[in-house]
Amino acid sequence: MLKNLISFKKIPLSNSLLKNKNENINCYDLKISFDEDTKLVSVVDNVSPEKLFPDDYVYDSSQSITMVNHFKDCAEYLQKRFTPYNTLEIGSNSGIFIRHFNPDTTIAVEPCSNFAEITNDMEYKTYDNFWGKDLSELIRQKHGKMDLIFSANTISHIQGLDECLTSVKKCLNEDGIFVVECPSFLEVLKGNAFDQFYHEHQSYFSMISFRNLLEKNGLKLFDIELVPVHGGTYRFFVCNQDSSIDVNYDNINKWEKEEKQFGVDSYDKLKDRMSIMKQNMVDIKNTLQKIKSENKTVIGYGASAKFIQVSNMCDLNASLIDYVIDTTPDKQNKYTPKSKIPIKKYDEKSLENVDYCFLGAWNFSSEIMEKENKFLRSGGKFITHIPKLRVIEL
Ligand code: TYD
């Protein structure tokens, strides 16, 4: 049974940046619910995948050194631990992970054709389609079953998880491994990161909910790790239900205990957490209003999807955040949807004459603090809302 957890009225899609300020865009209510049966938190009545992941999708994971290093380390680690002969990646983006694999034995799936073209050009056979029953059957027929199926920040975007997981099972060798990375819902709750709620993020996996879904679809969780990207990411290790692979009960039981203590499987406890997040939203707007009333310059740092969510969920606009800087060329000289905050190109002079930077890309906080040490040393301040509103200064 589905129960409403938190809802937002008229939120634009987080990647629908405006080319000009007066462009009309569609906004959609965002309703997050809790399933009493599987304990899964997810979006209900969502927008269609074709609208969410168009052919000019802007998110490029290769823009961050943290992510480049993360996927290199991850690729090397998985190759060493499991020595797969062949590999399939679901949601390969610009090839940040598969570039460390042999193109002759590696297949990619990426529905956003602007990115699929990049990996096809890199000699990786890339299917530019949505993952599901039809595509998985085609891949199995043409390339056989896989030793390793990897998917980062994609399974949590897919609507229709049962079909998604049974399709994975059909493409997996008897002793094959399915590795999934996605933001940990436990960490979302710990960070009061309400800006992780957006239409593209269909599901918010706790270990408990993900394990329930796997079991429902003939798969088994055999290990779990927490990796420090995207504000805390779970790496789930999955195999066939009847596989002989050893299950790491120590790890799994440890996370189950922590998740239960935190209340990820309890509707009432989750409702309390949502109230804390709502207070976080109010604090952000009040603080920015106060700082602006002192005539300070405030800009955003990183036009992430999360920043766009914050701007709209907290009802911010260019009178509270003058503009936001970003290194991604495709985002520059555009505007955030609905909140209409201009996005400007980042350069080494971007922070001159700036008093406060609101940390839109808070998940890269350490990378940014290191890079902007000069700004901090000259009296500049960062504002972050994770886990609650505070000013970072030296
Ligand atoms: P990211 O958190 O990767 O994704 P999401 O959109 O899922 O929330 O977005 C981070 C954004 O911040 C991305 O557009 C790149 C930008 N960025 C900078 O401009 N400078 C930086 O130093 C870093 C680390 C990121």
Side-chain angles (χ1 to χ4, degrees), residues 11-18 30 43 52-54 56-71 91 93-94 96-97 112 115 152-157 181-185 187-188 191 193-204 227-233 299-313 321 323-337 339 341-351 354 357-376 380 382-386 392:
I11 298 287
L13 301 185
S14 63
N15 283 298
S16 60
L17 303 180
L18 308 181
L30 176 62
V43 180
L52 290 169
F53 305 105
D56 55 355
Y57 191 60
V58 285
Y59 178 77
D60 179 358
S61 44
S62 310
Q63 289 299 317
S64 146
I65 308 164
T66 308
M67 296 315 290
V68 169
N69 291 339
H70 165 72
F71 284 115
N93 198 258
S94 53
I96 190 168
F97 174 79
C112 302
F115 288 122
N153 304 310
T154 301
I155 303 300
S156 51
H157 292 184
E181 286 192 0
C182 58
S184 150
F185 187 52
E187 299 302 313
V188 170
F194 61 85
D195 51 357
Q196 291 271 26
F197 289 132
Y198 51 89
H199 295 94
E200 285 87 339
H201 285 176
Q202 169 65 31
S203 304
Y204 306 86
V227 283
V229 289
H230 284 307
T233 289
I299 68 165
Y301 196 110
S304 59
K306 291 182 274 292
F307 175 79
I308 291 162
Q309 294 311 93
V310 173
S311 71
N312 288 312
M313 289 170 170
I321 295 191
Y323 55 88
V324 52
I325 47 170
D326 200 286
T327 50
T328 317
D330 280 346
K331 296 187 181 183
Q332 293 158 3
N333 304 317
K334 292 184 180 164
Y335 294 83
T336 60
S339 47
I341 298 171
I343 305 173
K344 293 194 180 177
K345 182 178 178 204
Y346 171 85
D347 64 40
E348 64 272 22
K349 293 202 172 138
S350 288
L351 301 194
V354 167
C357 283
F358 182 86
L359 206 45
W362 53 261
N363 44 319
F364 296 112
S365 179
S366 336
E367 181 178 332
I368 293 169
M369 293 305 135
E370 206 171 300
K371 191 159 99 185
E372 306 304 349
N373 195 263
K374 192 172 151 212
F375 168 69
L376 283 164
F382 279 96
I383 303 171
T384 185
H385 62 290
I386 304 294
I392 302 170

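Both counts, for ligands and for their atoms, begin at 1 and track the order of listing.
Between His385 and Phe358, the ring planes are parallel. Angles under 30° get that label, and only those over 60° would be called perpendicular.
Annotation: ring-ring contact (aromatic ring centres under 6.0 Å, His included) contacts of Phe115 (sequence neighbours excluded): none. Under the salt bridge (charged side-chain N to carboxylate O under 4.0 Å, His left out) criterion, Glu200 pairs with no residue at all, not counting sequence neighbours. With sequence neighbours left out, His157 forms a ring-ring contact (aromatic ring centres under 6.0 Å, His included) with Phe53, His201.
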Evaluate the criterion side chain to side chain donor-acceptor pair (under 3.5 Å) for residue pair Asp326 and Thr328; output intermediate values, then yes/no. CA-CA 6 Å; Asp326 200 286; Thr328 317; 2.6 Å; yes

Give one line per pair: atom of ligand 1, protein atom, distance. Only N/O to N/O under 3.5 Å.
unit_1   : atom_1 : unit_2 : atom_2 : d
ligand 1 : 2 (O)  : Lys306 : NZ     : 3.1
ligand 1 : 2 (O)  : Asn363 : OD1    : 3.3
ligand 1 : 2 (O)  : Asn363 : ND2    : 2.8
ligand 1 : 3 (O)  : Tyr59  : OH     : 3.4
ligand 1 : 6 (O)  : Ala305 : N      : 2.8
ligand 1 : 7 (O)  : Tyr198 : OH     : 3.2
ligand 1 : 8 (O)  : Ala305 : N      : 3.3
ligand 1 : 8 (O)  : Lys306 : N      : 3.4
ligand 1 : 8 (O)  : Lys306 : NZ     : 2.8
ligand 1 : 14 (O) : Asp326 : OD1    : 3.1
ligand 1 : 14 (O) : Asp326 : OD2    : 2.8
ligand 1 : 14 (O) : Thr328 : OG1    : 3.3
ligand 1 : 14 (O) : Lys331 : NZ     : 2.7
ligand 1 : 19 (O) : Thr327 : N      : 3.0
ligand 1 : 19 (O) : Thr327 : OG1    : 3.3
ligand 1 : 22 (O) : Lys371 : NZ     : 2.6

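Side-chain atoms of Ser184 come within 3.5 Å of backbone N or O of Glu187 as a donor-acceptor pair.
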